[in-house]
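What follows is a single structure, written as structure tokens, with notes after it.
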Amino acid sequence: MPTPVISPREADVLALLGEHLSNAEIAARLFISVRTVESHTSSLLRKLALPDRRALSRRAVELARAERPRPAPALPAPLTEFVGRERERAALAVLLADHRQVTAVGPGGVGKTRLALAVAAEAAGRFADGVWFVDLAPVAGPDRVAAAVAAALGVGEQPGQGLDEAVCAALSERRALLVLDNCEQVREGVAPFLERLLAACPEVRVLATSRARLLVPFERVFPVPPLSRDGGGTSEAVALFVERATAAAGVAPDPALRDGIAAVCERLDGMALAIELAAARWPTLGLDGLRAGLSDQLRILAGGPRADDRHRSVRAVLDWSHELLEPADRALLRRVSAFVLPFTAGAAVAVAGFAPLDAGAVADGLGRLAEQSLLTAVPSAHGTRYRALETIRQYGAERLDGAGESARVRGRHLDWCLSGADGLARATDEERQLREGGWQAGFDALAEELRTALAWAAERPERRPDARRLALGLAGLAFDRHLLGEAQQRLEQAAALADDSPTQGSPTNADAADAAAALREAARVAGCRRLGDDMYRLHRAAAAAALDAGDPAGAARDLAAAATVAHRFSSTFARLPAAAEVTALLARADELSDGSPAASAALALAEAAVLADAYGSVQGSPDNTARETVGYAQRAVELARRAGDPVAESAALDALSGAHSWAGEPFAAAGAAHRRVELLAPAPRTPATAHEQVDALAMAAATAIGVGELDRARQWGRQLAEHPLTAEVGHHATSWLLVADAFAGQEEDVLAGGARFLRAWEQGGRPRSFSLGPAAAAVAMVHGLRGDDGARASWLAVVGRAGTEEEHRHGYGAVFDATVLLHRGEAGAALERLSPAPEEVWKWVSWVWLHWYTAVRVEASVLSGHPEARERLAGARATVAGNPVAGVQLDRAQALLDGDPARVRATAAAFAAAGCRYQSARSLRLAEAAGDGGEDGNESGSGSGGEDGNGGEGGRAPGRRLSGW
């Protein structure tokens with residue numbers, strides 16, 4: 001079928017359709033008429049055989065994506081030239097083109113990594129979304145594979161999902177190549193990760209290197225052979241030797257010696273690493289020296305099958321190189337094998353600097369080892385670091401064990417890690433800003449060393465106190481680095497280490513108390529991750545540990561916290577605990593309580609959550625008595641204040657805010673939410689305070705929207721969007737800011753924020769939440785006000801996946817849809833969308849949308865000529881009293897009902913003062929229509945995007961409120 005010919009003008013129109021512009025906007029941009037735009041759009045639909053405008057927009061995005069500059073391959077830049085391997089490069093490239101997962105398999109030192117890098121670089125042009133390299137050699141364990149890949153991709157954690165899920169979500173619609181190097185040591189982690197990745201990401205391909213097959217579906221194995229020795233002195237193996245020897249000596253070997261060099265390469269079985277190491281000796285030994293040294297080694301290691309010979313050829317060269325070293329340099333080579341990442345000379349002194357080595361000998365030795373290609377010197381802006389190839393590092397580790405120094409060296413490495421972790425943790429905010437390369441870079445340069453040292457220490461009873469200290473330190477650093485999953489993991493590990501007393505057969509009270517403290521902190525981190533099941537489990541585990549420690553009051557607080565979590569954050573659970581189970585926890589907490597201020601406050605909050613359902617939980621009853629609920633919450637606030645715990649007081653104020661909204665008191669709800677923000681502002685950043693701060697900002701923004709305080713809502717919405725804990729979750733971060741901006745009429749801000757929201761929501765796996773639906777609906781509304789039905793339909797599709805159907809139908813969706821319908825002059829349809837009275841849909845509107853729902857419904861009643869319009873208007877006055885936006889909207893409705901255009905016009909200034917640009921412009925348009933004898937707001941487009949000022953308060957139905965996000 002011939003490719004349709006698209007004219008240059010049609011191409012321009014198509015590109016602007018990809019930006020979701022309306023016909024009018026495209027006409028203005030291209031200086032053509034709207035009718036011409038419509039003609040080009042119809043032609044494009046016909047030529048491209050697409051069903052609608054939305055499909056055209058998608059095609060435009062695809063075309064733009066195909067034409068944009070390809071991202072540069074994210075591959076390490078080799079320091080030396082790649083030599084030979086023409087046949088292997090071609091064959092591996094074909095396999096990679098035909099299969100989704102290819103594993104280059106071969107022994108250590110055969111050249112798998114360099115071959116994979118060469119092929120990946122050549123294939124980069126076929127992958128529109130990039131080529132990414134992940135070295136798994138430093139990874140401490142199989143459970144860290146997803147974290148290593150996420151770090152390479154720049155993917156952060158997403159609330160409610162693990163890093164492997166976040167990686168799959170980020171790559172789900174990407175055409176990318178992932179190069180995984182050194183998979184053999186974490187093969188049991190790589191295999192399940194790749195199964196999930198390849199199933200979830202149909203356009204992703206994986207090129208892996210490993211000493212053994214990965215045994216995953218779709219795998220195609222490519223055995224990497226040694227370098228070819230065919231052709232003798234002109235072979236690939238000799239070419240590699242000559243290139244590396246020339247680099248080492250500064251002058252090329254005499255061509256007459258090539259046959260002798262070929263014999264050396266044959267003795268080395270063509271193993272790339274062995275050839276490079278031998279070539280590094282050329283300047284000092286020459287051909288005769290190489291022959292003599294290798295002959296001795298190979299005689300010692302002769303025998304065995306061919307595959308073993310290949311391994312042994314590398315070991316032969318390493319053994320030979322090792323024997324040529326001075327004793328001090330041998331000691332240094334084996335001792336620095338403790339490092340899994342590039343290290344500085346200072347770090348080497350700390351770990352390897354004991355007899356027979358002093359600081360000077362370490363520094364000199366590093367240079368000599370680098371000269372002999374046993375280490376690689378890696379210059380950087382912050383000094384030189386050294387690293388060993390993984391094969392050499394493993395060789396050094398074997399030598400370390402053989403010398404009987406392993407425990408001492410790894411113990412010094414552990415001590416160095418503890419010191420480094422302490423230094424990072426003690427750094428002030430100012431020091432973190434001034435630290436070379438940044439604090440985050442400092443952590444990244446140390447993190448894998450910390451994990452390796454922790455894994456070693458955790459297996460040795462005599463070092464478990466140090467392991468526990470390092471686990472706690474790593475947890476804090478990981479939290480600061482926004483690696484929340486690891487922070488929780490390390491806290492749970494610290495608790496488990498506390499259970500193993502190094503000196504006695506059972507844990508002491510102090511050990512159990514330490515375990516309880518770590519588990520509580522882990523529960524708070526789980527809260528930051530929106531993992532309700534984990535919060536509940538960990539609080540219960542903390543209670544058990546507290547009882548073991550002889551601390552019943554602490555156990556009471558933990559059990560009360562678990563009961564509270566089950567209701568306060570019920571929407572974040574995969575499986576809600578049974579009501580009887582939670583009630584039993586509350587009763588047990590009451591039994592254990594010692595009546596202390598802290599225990600009493602925790603118990604009171606749990607009672608407000610469980611007995612009065614102040615948080616409007618998923619499993620809660622909508623029929624509880626509102627005033628009774630307020631009473632429970634007020635008591636919890638008072639007791640928390642007496643306990644002097646700002647985090648507990650914030651949680652209690654959250655319950656009070658929910659109780660007030662349930663009672664139809666949105667201003668009181670907003671006041672309680674505002675107090676939370678002020679209370680937490682000076683608190684130091686910990687998992688507990690960070691979790692509360694994010695929730696408080698979300699609630700403050702939402703409740704401010706509910707009472708028409710749009711400037712405050714936008715202020716708190718921006719703070720939420722900029723909070724460090726939301727850096728990786730732009731959809732959650734911007735949700736309430738989008739709603740506030742939409743109501744305020746900040747059209748450009750909504751469109752820009754909507755793009756960030758959509759990218760983050762898609763990258764996060766398209767989650768569903770009680771704040772994400774309203775955000776998407778707000779963007780849809782702005783597109784509706786702009787007249788772009790295609791973009792609006794796209795965003796409404798997002799609403800269907802990001803929010804809940806009933807809440808959209810009865811709550812925020814009704815407000816936003818009616819606003820668009822009123823804008824288009826379809827007052828009757830708008831009233832139909834809002835046909836239930838507020839009390840009939842109370843559980844969907846009582847939180848944020850009540851005032852907006854009420855005001856928009858009144859306006860629709862007036863403009864459609866509903867016989868009860870005047871009665872509805874009078875009844876609404878008491879409901880929205882004090883709301884600067886909804887109140888003015890009722891004033892405008894009254895003026896329209898009275899036929900007074902001047903009063904309608906006067907409301908424009910009041911709307912502007914309340915921060916509502918769209919409603920201000922709408923008032924002028926309605927006044928003009930009324931003054932001309934026209935009908936209700938038949939304006940076809942005010943040009944000011946914003947939102948109709950008709951918003952309200954969100955519902956507190958079962959599952960409505962829940963943790964802010």
Side-chain angles (χ1 to χ4, degrees), residues 158-160 527-530 532 568-572 615-618 654 657-658 661 669-670 673 676-677 691-706 710 713-714 716-723 725-726 728-743 750 753-754 756-758 760-762 764-781 795 798-808 810-813 815-816 844-850 852 947 951-965:
Q158 300 290 330
C528 296
R529 301 176 68 202
R530 292 177 49 82
R568 185 183 182 194
F569 301 111
S570 56
S571 69
T572 66
Y615 294 111
S617 60
V618 168
D654 193 25
S657 182
S661 70
R676 292 180 68 196
V677 175
H691 185 206
E692 281 296 324
Q693 283 172 344
V694 167
D695 188 74
L697 287 169
M699 291 302 96
T703 53
I705 291 170
L710 297 182
R714 296 177 68 212
W716 287 321
R718 280 191 293 269
Q719 289 182 37
L720 178 63
E722 295 165 2
H723 194 283
L725 203 61
T726 66
E728 303 288 350
V729 286
H731 45 316
H732 289 298
T734 59
S735 56
W736 290 115
L737 181 59
L738 283 171
V739 176
D741 281 343
F743 279 137
V750 172
R756 177 189 174 190
F757 174 96
L758 190 59
W761 179 72
E762 290 177 339
R766 299 181 178 87
R768 193 182 295 273
S769 167
F770 293 104
S771 65
L772 300 182
V779 181
M781 181 191 69
W795 276 95
V798 174
V799 174
R801 298 189 63 179
T804 59
E805 195 277 333
E806 283 190 307
E807 192 173 24
H808 180 258
H810 300 304
Y812 63 83
V815 173
F816 292 143
W844 306 114
V845 301
S846 64
W847 177 36
V848 174
W849 317 109
L850 176 62
W852 302 96
E947 204 201 320
E953 266 217 274
R956 174 199 186 264
R960 180 75 351 54
R961 207 299 285 135
L962 313 159
S963 122
W965 285 12

Shortest non-hydrogen contact from [X] to [Y]?
| X | Y | value |
| --- | --- | --- |
| W716 | A704 | CZ3-CB, 4.0 Å |
| A733 | R756 | CB-NH2, 4.0 Å |
| V750 | A742 | CG2-N, 3.5 Å |
| A775 | L738 | CB-CD1, 4.1 Å |
| S771 | W736 | CB-NE1, 3.6 Å |

Non-neighbouring partners of E805 that pass side-chain hydrogen bond (donor to acceptor under 3.5 Å, both in side chains), sequence neighbours left out = R809
Name all residues meeting the side-chain hydrogen bond (donor to acceptor under 3.5 Å, both in side chains) criterion together with E692; count only those two or more places apart in sequence or in a different chain, and write none if there are none.
-> R568, S650, R676
Do side-chain atoms of R768 reach the backbone of G800 as a donor and acceptor pair under 3.5 angstrom?
-> yes
Does H810 use its side chain to pair, donor to acceptor, with the backbone of W844 at less than 3.5 Å?
-> no
How far apart are the C-alpha atoms of F757 and V779, what are their side-chain angles, what is the distance that settles it, and do they pass the side chain to side chain contact (heavy atoms under 4.5 Å, CB included) test?
-> CA-CA 10 Å; F757 174 96; V779 181; 5.9 Å; no
What is the distance from atom CG of D695 to atom CG of L725, rounded to the nearest 0.5 Å?
-> 11.0 Å
Quick one: pull up CZ in R530 and NE2 in H691 and give me the separation to the nearest 0.5 Å.
-> 8.0 Å
Answer yes or no: is there a side-chain heavy-atom contact under 4.5 Å between T703 and S661?
-> no
Under 4.5 Å between any side-chain heavy atoms of L720 and L737, yes or no?
-> no
Could you please spell out the steps behind the side chain to side chain contact (heavy atoms under 4.5 Å, CB included) verdict for S657 and M699?
-> CA-CA 9 Å; S657 182; M699 291 302 96; 5.6 Å; no
Applying side chain to side chain contact (heavy atoms under 4.5 Å, CB included) to A740 and not counting sequence neighbours gives I705, A713, R714
With R766 via salt bridge (charged side-chain N to carboxylate O under 4.0 Å, His left out) - residues at least two apart | E173
Steps toward side chain to side chain contact (heavy atoms under 4.5 Å, CB included) verdict (H731, L772) | CA-CA 7 Å; H731 45 316; L772 300 182; 4.1 Å; yes
Y812 vs F816 aromatic rings, parallel, tilted or perpendicular, using cut-offs 30° and 60°?
-> tilted
